[in-house]
Amino acid sequence: MKIAFVGKGGSGKTTLSSLFVRHLAATGAPVVAIDADINQHLGAALGLDDAEAAGLPAMGEHLPLIKDHLRGTNPRIASAEKMIKTTPPGEGSRLLRVREDNPVYDACARPVELDGGTVRLMVTGPFTDADLGVACYHSKTGAVELCLNHLVDGRDEYVVVDMTAGSDSFASGMFTRFDITFLVAEPTRKGVSVYRQYKEYARDFGVTLKVVGNKVRGQDDLDFLRDQVGDDLLVTVGHSDWVRAMEKGRPPRFELLEEANGRALRALHTAADATYERRDWARYTRQMVHFHLKNAASWGNERTGEDLAAQVDPGFVLGEEVAAPA
């Protein structure tokens, strides 16, 4: 299951992403965690110290390797250099699977030991002033989008992505790559503003969106969120001494997380699993192609010197039954 955590800056989405990753790991499920936020904090939230977090390999720095591996023997792609972040897979492409070993994981993923198990952690890499002031930083997350386009995950397998804050993920088609999106919102007007943006943008693409109320202190906060987001409110999370200790670098064993917050994580898990039966790989593939053609026309064709619409394999549908190339 592919799961995104989104929300405004400071909403607590990275903290909740990390708690959900810990919860999944504690169940024994295979998990790939990806930090695609402009602020790279997921590693620290999973217990890495500053040196360990800084030493994580950046996906953006391994983009040529990622492209070369995913291209495989796809005859519609002239070379890895002609791939862009939205290039869809086709016959002959190599796909990524959660449980396997492959060159992309070897280069970009690192195991993180948690007290409930081990997860694979991947990060876009740090964003520099040059990325923010001169170049579009969405190029950094292009490696994530390309991997998600080629990812085949099954029941009880999880890819959890901590997305960039606000509505910036709508600058590409990455917001459609998930089975469910958890939007973390505080009980304030600013806290629910991103929800309204996401709800509006996602409406035409069948995005499953659920709200996680964070920093909820009482009935008034709960009533406010219910009034603002209605039935999209799935669970709420309140103060956590466990989280406070984790933020100080001294997390207790995960089994000591407050029961109320443990119930909230189990509710997220249940909601994510429920989307499996509603999966529509044909729609997923159509959306992938839609955004690829849009990006090709707006900038990709000019940048690569080719008509990237020719990369689309009209007979290919991504799905769990697609066999890996020989």
Side-chain angles (χ1 to χ4, degrees), residues 1-4 6 34 36 66-67 70-78 82-98 138 141-155 157-159 161 163 167-183 197-210 271-301 303-304 306-325:
M1 312 304 296
K2 294 180 286 291
I3 301 154
V6 301
I34 303 177
I66 293 171
K67 289 181 176 181
L70 297 180
R71 177 187 171 225
T73 59
N74 187 335
R76 295 177 177 273
I77 303 175
K82 301 298 183 180
M83 295 176 73
I84 62 174
K85 65 180 182 177
T86 54
T87 295
E91 190 69 31
S93 296
R94 289 195 185 97
L95 305 177
L96 300 177
R97 298 180 187 269
V98 174
H138 292 103
T141 59
V144 178
E145 186 166 359
L146 197 56
C147 286
L148 290 175
N149 280 358
H150 290 74
L151 177 69
V152 179
D153 55 309
R155 187 192 295 272
E157 298 176 335
Y158 300 90
V159 178
V161 182
M163 298 280 278
S167 56
D168 283 338
S169 58
F170 289 100
S172 71
M174 195 156 69
F175 73 98
T176 65
R177 303 297 85 201
F178 302 99
D179 294 289
I180 192 167
T181 295
F182 293 129
L183 190 145
Q197 289 179 299
Y198 235 96
K199 184 76 171 178
E200 180 180 351
Y201 293 153
R203 183 176 291 114
D204 295 334
F205 293 95
V207 172
T208 300
L209 179 68
K210 290 296 179 182
D273 284 352
T275 64
Y276 182 83
E277 300 299 337
R278 302 197 298 271
R279 278 186 158 186
D280 185 343
W281 286 101
R283 185 187 71 182
Y284 185 89
T285 304
R286 286 196 304 271
Q287 290 176 341
M288 196 187 310
V289 169
H290 167 79
F291 284 103
H292 178 62
L293 295 177
K294 188 175 180 179
N295 278 266
S298 63
W299 60 269
N301 292 343
R303 181 172 299 180
T304 62
E306 290 195 6
D307 179 8
L308 298 182
Q311 293 181 342
V312 175
D313 184 342
F316 183 86
V317 176
L318 191 65
E320 292 180 58
E321 72 287 352
V322 176

K.L.:
Does any non-hydrogen side-chain atom of Leu308 lie less than 4.5 Å from one of Thr87?
P.N.:
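Counting from C-beta outward, Thr87 and Leu308 never come under 4.5 Å.
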K.L.:
Nearest 0.5 Å please: distance from the CD atom of Gln311 over to the CG atom of Leu293.
P.N.:
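Answer rounded to 0.5 Å: 10.0 Å.
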K.L.:
Is there a side-chain contact between Leu70 and Asn149 in this structure, where contact means two heavy atoms from C-beta onward sitting under 4.5 Å apart?
P.N.:
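Result no, sub-4.5 Å side-chain heavy-atom pair not found.
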K.L.:
Looking only at non-hydrogen atoms, find the nearest pair between Val312 and Pro88 and report the distance.
P.N.:
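The pair with the smallest heavy-atom distance is CG2-CG, 4.4 Å.
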K.L.:
Is the backbone of Gly90 close enough, under 3.5 Å, to the side chain of Arg76 for a donor and an acceptor to pair up by distance?
P.N.:
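No, Arg76 side chain to Gly90 backbone: no donor-acceptor pair under 3.5 Å.
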K.L.:
I need the Asp204 CG to Thr176 OG1 distance, nearest 0.5 Å.
P.N.:
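Here the rounded value is 12.5 Å.
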K.L.:
For the backbone of Thr141 and the side chain of Lys85, can you confirm whether one donor and one acceptor N or O come within less than 3.5 Å of each other?
P.N.:
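Answer holds: no.
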K.L.:
Heavy atoms only: give me the nearest Ala296-Ile84 pair and the separation to one decimal.
P.N.:
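Distance-wise, the nearest heavy atoms are N-CD1, 4.4 Å.
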K.L.:
Please step through side-chain contact (heavy atoms from CB on, under 4.5 Å) for the pair Ile180 and Met1, ending with a clear verdict.
P.N.:
CA-CA 8 Å; Ile180 192 167; Met1 312 304 296; over 6 Å; no
K.L.:
Just by distance, do the side chain of Glu306 and the backbone of Lys82 share a donor-acceptor pair under 3.5 Å?
P.N.:
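Not confirmed, Glu306 side chain does not pair with Lys82 backbone.
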K.L.:
Using a 4.5 Å cut-off on heavy atoms from C-beta on, say whether the side chain of Ile77 contacts that of Met83.
P.N.:
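The answer is yes, as the side chains (C-beta and beyond) meet within the 4.5 Å cut-off.
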K.L.:
Assess the residue pair Arg279 and Asp153 against the criterion (side-chain contact (heavy atoms from CB on, under 4.5 Å)); give the C-alpha distance rounded to whole Å, side-chain angles, the decisive distance to 0.1 Å, and a yes or no.
P.N.:
CA-CA 11 Å; Arg279 278 186 158 186; Asp153 55 309; 2.5 Å; yes
K.L.:
Do Thr208 and Phe178 come close enough that some side-chain heavy atom pair is under 4.5 Å?
P.N.:
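Thr208 does not reach Phe178 side chain to side chain.
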K.L.:
Side-chain contact test, heavy atoms from C-beta onward, threshold under 4.5 Å: evaluate it for Ile66 versus Cys147 and give yes or no.
P.N.:
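When only atoms from C-beta onward are counted, Cys147 and Ile66 do touch, with a gap below 4.5 Å.
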K.L.:
May I ask you to test the Arg177-Met288 pair for a side-chain heavy-atom distance under 4.5 Å?
P.N.:
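Yes, close enough: below the 4.5 Å cut-off.
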K.L.:
Would you indicate whether the side-chain heavy atoms of Lys2 and Val161 approach each other to under 4.5 Å?
P.N.:
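No; the side chains remain at least 4.5 Å from each other.
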K.L.:
Start with the C-alpha distance between His150 and Arg71, add both sets of side-chain angles, then the distance that settles side-chain contact (heavy atoms from CB on, under 4.5 Å), and finish with yes or no.
P.N.:
CA-CA 10 Å; His150 290 74; Arg71 177 187 171 225; over 6 Å; no
K.L.:
With rounding to the nearest 0.5 angstrom, report the CE to CD1 distance, Met163 to Ile3.
P.N.:
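It comes to 13.0 Å.
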K.L.:
Does any donor atom in the side chain of Tyr284 or Asp179 lie under 3.5 Å from an acceptor atom in the other side chain?
P.N.:
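No donor-acceptor contact under 3.5 Å links the two side chains.
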K.L.:
Run through Val6, Leu209, Thr181, Val207 and flag the one making a side-chain contact (heavy atoms from CB on, under 4.5 Å) with Phe175.
P.N.:
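Going through the options one by one, the only one that passes is Val207.
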K.L.:
Can a donor-acceptor pair be found, under 3.5 Å and without considering hydrogens, that links the side chain of Asn74 to the backbone of Gly92?
P.N.:
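Looks like no, no N/O pair under 3.5 Å.
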K.L.:
Is Glu320 salt-bridged to Arg97, cutoff N-O under 4.0 Å?
P.N.:
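No salt bridge links Glu320 with Arg97.
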K.L.:
Can you tell me how far the NE2 atom of His292 sits from the OG1 atom of Thr285, to the nearest 0.5 Å?
P.N.:
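Going from the NE2 atom of His292 to the OG1 atom of Thr285 covers 13.5 Å.
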K.L.:
Could you work out, with side-chain hydrogen bond (donor to acceptor under 3.5 Å, both in side chains) as the rule, every residue matching Asp313, not counting sequence neighbours?
P.N.:
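Partners of Asp313 by the side-chain hydrogen bond (donor to acceptor under 3.5 Å, both in side chains) criterion come out as none, since no residue qualifies.
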K.L.:
Residues in side-chain contact (heavy atoms from CB on, under 4.5 Å) with Arg303, at least two apart?
P.N.:
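Once residues adjacent in sequence are excluded, the partners of Arg303 under the side-chain contact (heavy atoms from CB on, under 4.5 Å) criterion are Trp299.
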K.L.:
Compare every heavy atom of Trp281 with every heavy atom of Gly319, then report the nearest pair and how far apart it is.
P.N.:
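In this case the closest contact between Gly319 and Trp281 is CA-CD2, 3.6 Å.
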